[in-house]
**Student:** 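Sharing a structure here in structure tokens format.
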Amino acid sequence: MIELKNINKTFRVAKRNAGFREAVRALFRKEYSYVKALDDVSFKIGDGEMVGYIGPNGAGKSSTIKIMSGIMSPDGGECVINGRVPWKQRKEHVREIGVVFGQRSQLWWDVPVIDSFELLKNVYKVPDAQYKKNYGELVELLDIGEIVRTPVRQLSLGQRMRCEIAASLLHSPKILFLDEPTIGLDAVSKIAVREFIKTINRENKTTVILTTHDMQDIEALTERIILIGKGRILLDGSLDELKSRNSGKKTLTISYVGEKIPSSDKLTVVKDMGGHAEIVIDSSEISVSDAIAAVSGAVEIKDISVEGTTVDELVVSLYKEFRI
Amino acid sequence: MRLYFKYVAIIIKSQMQYKASFFMTVAGQFLVSFSAFFGVYFMFDRFNEVEGFSFAEVLICFSTVLLAFSLSECFFRGFDTFPKLIRSGSLDRLLLRPRSVILQVLTSTIEFSRVGRFLQAVIMLCIAIPTCGVTWTFAKVMTLLLMVIGGMAVYCALFILYAGISFFTIEGLEFMNVFTDGTREFGKYPLSIYGKGVLSFFTYVIPIALFQYYPFLYLIGRTDNAWYAFLPLIGIVFILPCYAFFAFGLSRYKSTGS
């Protein structure tokens with residue numbers, strides 16, 4: 001059970017203008033500006049939930065993760081995870097969580113992966129039997145049996161990420177934080193990682209909190225999303241709910257010969273470059289076939305495609321809506 | 001403690017991945033320290049004594065400082081790379097593990113390649129011990145031991161202090177080297193030769209003299225005050241304020257989240 005209540009965090013950022021003179025001046029008198037990284041953030045996440053935590057860069061995602069994992073303390077507010085305050089009972093708390101940073105490694109660079117695993121076993125004091133069981137499962141599910149004897153520096157990014165994930169789960173944590181776990185991975189590795197996350201969430205009831213910019217991750221994995229922007233929680237709901245907000249919108253991409261396509265109150269031409277146009281319709285007002293009929297009445301259609309809104313577009317429209 | 005050795009094991013495994021580099025660093029370290037030895041040697045070749053200290057006596061002083069430093073460096077220099085840990089964000093990773101931060105910092109790097117300097121110190125001590133004219137009673141042996149232990153502790157404390165400062169500023173940490181590498185270099189000679197000011201600074205502010213100078217006087221029989229032999233123990237106490245400072249820095253790190 002994760003509970004955040006009115007969490008606030010302000011950072012002091014040193015500022016100076018460009019140029020050598022300014023640099024010298026800043027040496028003696030620094031000017032600071034204050035950035036509100038988290039502004040009254042509250043949410044609850046139950047056991048076994050899988051939550052996508054999204055927002056643009058600098059929105060406060062990492063800060064929230066840092067607070068929840070006990071690396072950082074907030075300026076104000078409460079955060080209780082499994083009955084503990086993370087930054088006050090750090091050691092007890094981190095024993096029950098696993099954290100994967102997509103951009104940072106937790107494995108020892110020069111030695112085979114298996115050595116890192118064994119050291120982590122000691123660090124977390126995992127009993128032999130449990131370690132054996134977890135190790136066996138992870139190696140099988142993540143398909144890393146072949147690579148655990150290779151030094152980390154010789155692994156590909158996809159291989160390394162699978163090992164990273166395994167490493168963060170050896171101590172059977174109750175909560176898994178994944179910070180951009182699929183960043184930079186190829187399609188095959190991405191799918192493997194997603195499948196794996198789904199499996200452990202389902203089988204072990206591990207709570208998963210996932211930050212990502214990859215909307216396919218969100219679509220494939222999470223039912224609930226929390227959107228953060230400029231340090232504030234803007235939206236907290238199910239993905240379906242979010243989709244239904246503008247599910248009626250369809251985009252028609254048309255190649256045609258003839259005059260420009262006229263806009264009407266039901267057909268919004270968003271782009272028309274003469275011969276190539278994009279039209280947005282609301283399917284609750286006009287059906288797709290009617291729209292096509294209307295367009296083909298005006299011009300000769302050479303090619304056409306119809307698309308519903310993707311999660312990507314949804315997010316962009318959300319960002320626009322909240323001006324973040 | 002068991003965990004410490006596990007960490008040590010993984011570092012050894014890592015370093016053995018780069019054999020050539022390992023042996024070359026050892027050789028390099030050895031040669032560098034050796035040149036320092038020649039510096040002292042040639043000086044005495046001309047002057048015979050410095051402020052009434054003979055060559056063999058200075059050698060004792062030099063080798064204990066070097067021994068203390070190299071041992072300390074071997075085990076505690078993890079703090080030396082601490083600014084790097086902060087900058088690269090690896091400290092976050094350490095905080096995510098259910099173990100003490102100090103232990104993890106210590107074991108982030110262990111410089112076995114520094115055995116060159118250690119060997120050097122041992123060889124010099126082997127030369128100095130029979131030639132310095134000290135009659136080796138039990139008390140004298142203990143004094144020498146305390147000097148080395150106290151020295152290790154003081155250097156360890158300085159490394160911790162260094163790490164503590166890096167919570168506040170990343171730039172300008174170089175000046176701390178004056179107290180670590182610097183004192184190793186000018187600790188070759190008994191500190192009194194640098195004058196009263198320097199001596200009292202290194203007695204009351206940075207307690208280098210507590211293990212390098214006062215017990216040394218007792219060792220070579222310049223003073224009969226046996227209390228001097230116990231002064232290195234005060235050097236060990238120096239760890240406490242340094243650690244407190246480090247802990248303060250860590251709590252600030254958590255609240256600034258940088």
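All heavy atoms count here, side chains included; hydrogens, waters and symmetry mates do not. The chains referred to below are lettered A, B, ... by the order of the sequence lines, with proteins before strands, and numbering in each begins at 1.
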**Student:** Ignoring hydrogens, what is the shortest heavy-atom contact between Leu95(B) and Ile71(A)? Give both atom names and the distance.
**Tutor:**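 That would be CD1-CG2, 3.8 Å.
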**Student:** Do other residues, nucleotides or ligands put more than 12 heavy atoms under 6.0 Å from the OH atom of Tyr243(B)?
**Tutor:** no
**Student:** Answer with side chain, backbone, both or neither: which region of Ser100(B) has an atom nearer than 4.5 Å to a non-hydrogen atom of chain A?
**Tutor:** both
**Student:** With rounding to the nearest 0.5 Å, note down the distance linking CG in Asp92(B) to CE in Met72(A).
**Tutor:**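 Rounded to the nearest 0.5 Å, the CG-CE separation comes to 9.5 Å.
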**Student:** How many angstroms lie between NZ in Lys121(A) and NZ in Lys6(B), if you round to the nearest 0.5 Å?
**Tutor:** 7.0 Å
**Student:** Search all heavy atoms of Pro98(B) against all heavy atoms of Lys91(A) and return the closest pair with its distance.
**Tutor:** CB-O, 3.4 Å
**Student:** Distance from Ile10(B) atom CD1 to Ser116(A) atom OG, nearest 0.5 Å?
**Tutor:**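 Answer for the CD1-OG pair, Ile10(B) versus Ser116(A), is 4.5 Å.
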**Student:** Look at atom CZ of Arg232(A) and say whether more than 12 heavy atoms of other residues, nucleotides or ligands are closer to it than 6.0 Å.
**Tutor:** no
**Student:** Does the side chain of Trp109(A) reach to within under 4.5 Å of the side chain of Ser14(B), using non-hydrogen atoms?
**Tutor:** no
**Student:** Side chain, backbone, both or neither: which part of Leu94(B) has a heavy atom under 4.5 Å from chain A?
**Tutor:**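 Contact with chain A is through the backbone of Leu94(B) alone.
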**Student:** Dump the intermediate steps for side-chain contact (heavy atoms from CB on, under 4.5 Å) on Trp108(A) and Ile11(B), then the final yes or no.
**Tutor:** CA-CA 9 Å; Trp108(A) 279 261; Ile11(B) 292 168; 5.7 Å; no
**Student:** May I ask you to check whether over 12 heavy atoms, not counting those of Phe230(B), lie within 6.0 Å of atom CZ?
**Tutor:**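 Open.
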**Student:** Any side-chain heavy atom of Leu120(A) within less than 4.5 Å of one from Arg97(B)?
**Tutor:** yes
**Student:** Give a yes or no on this: more than 12 heavy atoms of other residues, nucleotides or ligands lie within 6.0 Å of atom CZ of Phe201(B).
**Tutor:** yes
**Student:** With a sphere of 6.0 Å drawn around CE of Met1(A), does it hold more than 12 non-hydrogen atoms of other residues, nucleotides or ligands?
**Tutor:** yes
**Student:** Are side-chain heavy atoms of Gln106(A) and Leu96(B) found at a separation under 4.5 Å?
**Tutor:**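 Not touching, per the 4.5 Å side-chain cut-off.
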**Student:** About how many Å separate OG1 of Thr107(B) and CG of Leu119(A), when rounded to the nearest 0.5 Å?
**Tutor:**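 Between Leu119(A) CG and Thr107(B) OG1, I get 8.0 Å after rounding to 0.5 Å.
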**Student:** Could you tell me which non-hydrogen atom of Asn122(A) sits nearest to which non-hydrogen atom of Arg99(B), and how far apart they are?
**Tutor:** O-NH2, 3.0 Å
